[in-house]
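Structure first, then comments.
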Amino acid sequence: MEKKRLSQTQAPIYEALERFHRSRVVPFDVPGHKRGQGNPELKALLGEACVSNDVNSMKPLDNLCHPVSVIRDAEELAAEAFGAAHAFFMVGGTTSAVQAMILSVVKRGDKIILPRNVHRSVINAMILCGAVPVYVNPDMDTRLGIPLGMKISQLEEAMNQHPDAKAVLVNNPTYYGICSDIRYIVKIAHARGMKVLADEAHGTHFYFHELLPVSAMEAGADLAAVSMHKSGGSLTQSSFLLAGPGVNPGYVRQIINLTQTTSGSYLLLTSLDISRRNLAIRGREEFQNVMRLAQYAREEINAIGGYYAYSKELVNNDSVYDFDVTKLSVYTLDIGLAGIEVYDLLRDEYDIQIEFGDLGNILAYVSIGDRIKNIERLVSALAEIRRRFKRDRTGLLTQEYLPPVVAVSPQDAFYAEKESLPIMETEGRICSEFVMCYPPGIPILAPGERITRDILEYIRYAKEKGCSMTGTEDPEINFLNVLKGAD
């Protein structure tokens, strides 16, 4: 049978929903609100169009767990648009995409080489499957206090020491916009028979403009988790998992179906379909404008004085192989304020919500939805914050990355017998849970890591500065779970 010819101007899931609505089907299936009729408050909040598109899988609309028609067509178009061999629609966020790609290549006892400044979803995946991390500690920018990418020499050393590792995971880019040399990493990993996985939660736009850093699929990576809902314009919680030609797509689908819902939201699926179409048609033009807005913002912020909005000048062709110029990352300590303090001031005093603030930096996410007036309002607010709140920076911490001491695998530590102790009495013990500031969701402590005095001081300082901390069983983070009887 001749294969159906598809075009990037199509949106198969969206078009199927349109046909479905025209057929005026009477619903005797779930969801029980029956196009909003059973929940008028929900209908009033979200609107007729939204609730009427909240439908269940059925033959005309295909099934996410085993797509054979419109979802399959939409995934094929996504794969083509992103230069991948296969694409999978994910409705559990990029967390589920990251976990699926890791579970697809490693199992209990297998080693995976990765930087420690990964999102918690990566370590969650190792807890689920029992893989063992081999960390390549990233370089630090000592002024900015941020972790950089993986140095090739350190990565090669890890590969030589652990030739039995099954995979290498790369952040492409980091939250701050830092890119490792993923093309060369793919080359040396594949030469050793290792798969390459990319966390591209913040790199969707790399696929749509030649002046942006190289995308994972173009670099030859095997799997990439792509957050369409971040820079791609789809609804929150919708993502793609992309696969290269060296991956068995049927097996990856089986892994996805271990944890992904059997009731995929058609609101999320349609948003992925429409957003892919938008980027395929207009992405280059849209991201050209995003780069222009971000560069304008950097110039204006640096002209204020006291702030440092950094960019490609950080590139050193190794641990900073490239920089994502759409990232508006700003160093704040020279005005005497931690990043989280600037974050709070922007929200509380100026009604501006940025992506996150850490101990020394802020990140304002510039996207296809921004306009020049938004940028000017942010710049004006930062200028006022400097004028009103600037102080001496004495006593401010700059360290953002603390190298871990891994004593036990994440899975063994998470499921081990444990005890809860006052957090400041846990020095020297082995942690059995996460401690992190969210966002960005990079753990300060992860299960299996030894607790040091520096880490405890960092946690105390972060709490004092107002960082939003998560991960522990104790919501106040006054107590910490550690392995019982383990020193």
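Side-chain atoms are counted along with the backbone in the values below, which use heavy atoms only and exclude waters and symmetry mates. If you're wondering where the values come from, they're calculated on a predicted model, not measured in any experiment.
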Partner of Tyr176 by ring pair (Phe, Tyr, Trp, His ring centres under 6.0 Å), out of Phe323, Tyr365, Tyr310, Phe356: Phe356
Ring pair (Phe, Tyr, Trp, His ring centres under 6.0 Å) evaluation trace for Phe287 with His209: CA-CA 7 Å; Phe287 292 123; His209 204 290; 8.3 Å; no
Electrostatic pair Arg388-Glu349, nearest N-O below 4.0 angstrom: yes
Test: Lys484 and Glu419 ion pair at under 4.0 Å: no
Note, Asn137 side chain near Pro404 side chain (heavy atom, < 4.5 Å): yes
Worked check of side-chain contact (heavy atoms from CB on, under 4.5 Å) between Leu46 and Asp54: CA-CA 11 Å; Leu46 300 180; Asp54 184 30; over 6 Å; no
Spacing of CE belonging to Met90 relative to CG belonging to Leu268, to within rounding of 0.5 Å: 12.0 Å
Short side-chain donor-acceptor distance under 3.5 Å, Asp370 and Asn374: yes
Salt bridge flag under 4.0 Å for residues Arg108 and Asp412: yes
Result of checking Thr94, Thr236, Asp199 against Ser227 for side chain to side chain donor-acceptor pair (under 3.5 Å): Thr94
Atom pair CD1/CZ of Ile354 and Arg347 - distance to nearest 0.5 Å: 9.5 Å
Close side-chain approach of Tyr207 and Glu200, heavy atoms under 4.5 Å: yes
Expected output: side-chain Asn361 to main-chain Leu144 donor-acceptor under 3.5 Å: yes
Step-by-step side-chain contact (heavy atoms from CB on, under 4.5 Å) determination, Ile146 to Asp141: CA-CA 6 Å; Ile146 63 171; Asp141 185 301; 4.1 Å; yes
Exam field: side chain Glu285 to backbone Arg282, donor-acceptor pair closer than 3.5 Å: no
For the student: nearest non-hydrogen atoms of Ser234 and His229, plus distance: OG-N, 3.1 Å
Salt-bridge criterion met for Glu473 and Lys418 (N-O under 4.0 Å): no
Lys463 atom NZ: more than 12 heavy-atom contacts under 6.0 Å: yes
Min side-chain heavy-atom separation His119-Val98 under 4.5 Å: no
Side-chain heavy atoms of Ile127 within contact of Phe434, under 4.5 Å: yes
Glu376/Lys373 ion pair, N-O < 4.0 Å: no
Listed once per pair and sorted, the salt bridge (charged side-chain N to carboxylate O under 4.0 Å, His left out) pairs that draw on residues 292-321, sequence neighbours left out: Lys312-Asp322
Any side-chain heavy-atom pair of Ile188 and Leu155 under 4.5 Å: yes
Phe206 vs Ile182, side-chain contact (heavy atoms from CB on, under 4.5 Å): CA-CA, chis, key distance, verdict: CA-CA 13 Å; Phe206 289 5; Ile182 188 171; over 6 Å; no
Check: Leu223 and Ser104 side chains under 4.5 Å, non-hydrogen atoms: yes
Approximate separation, where rounding is to 0.5 Å, of Lys230 NZ and Ser239 OG: 6.5 Å
Side-chain heavy-atom pair Ile123, Pro133 within 4.5 angstrom cut-off: no
Whether Phe240 and Phe82 hold their rings parallel, tilted or perpendicular, with breakpoints at 30° and 60°: perpendicular
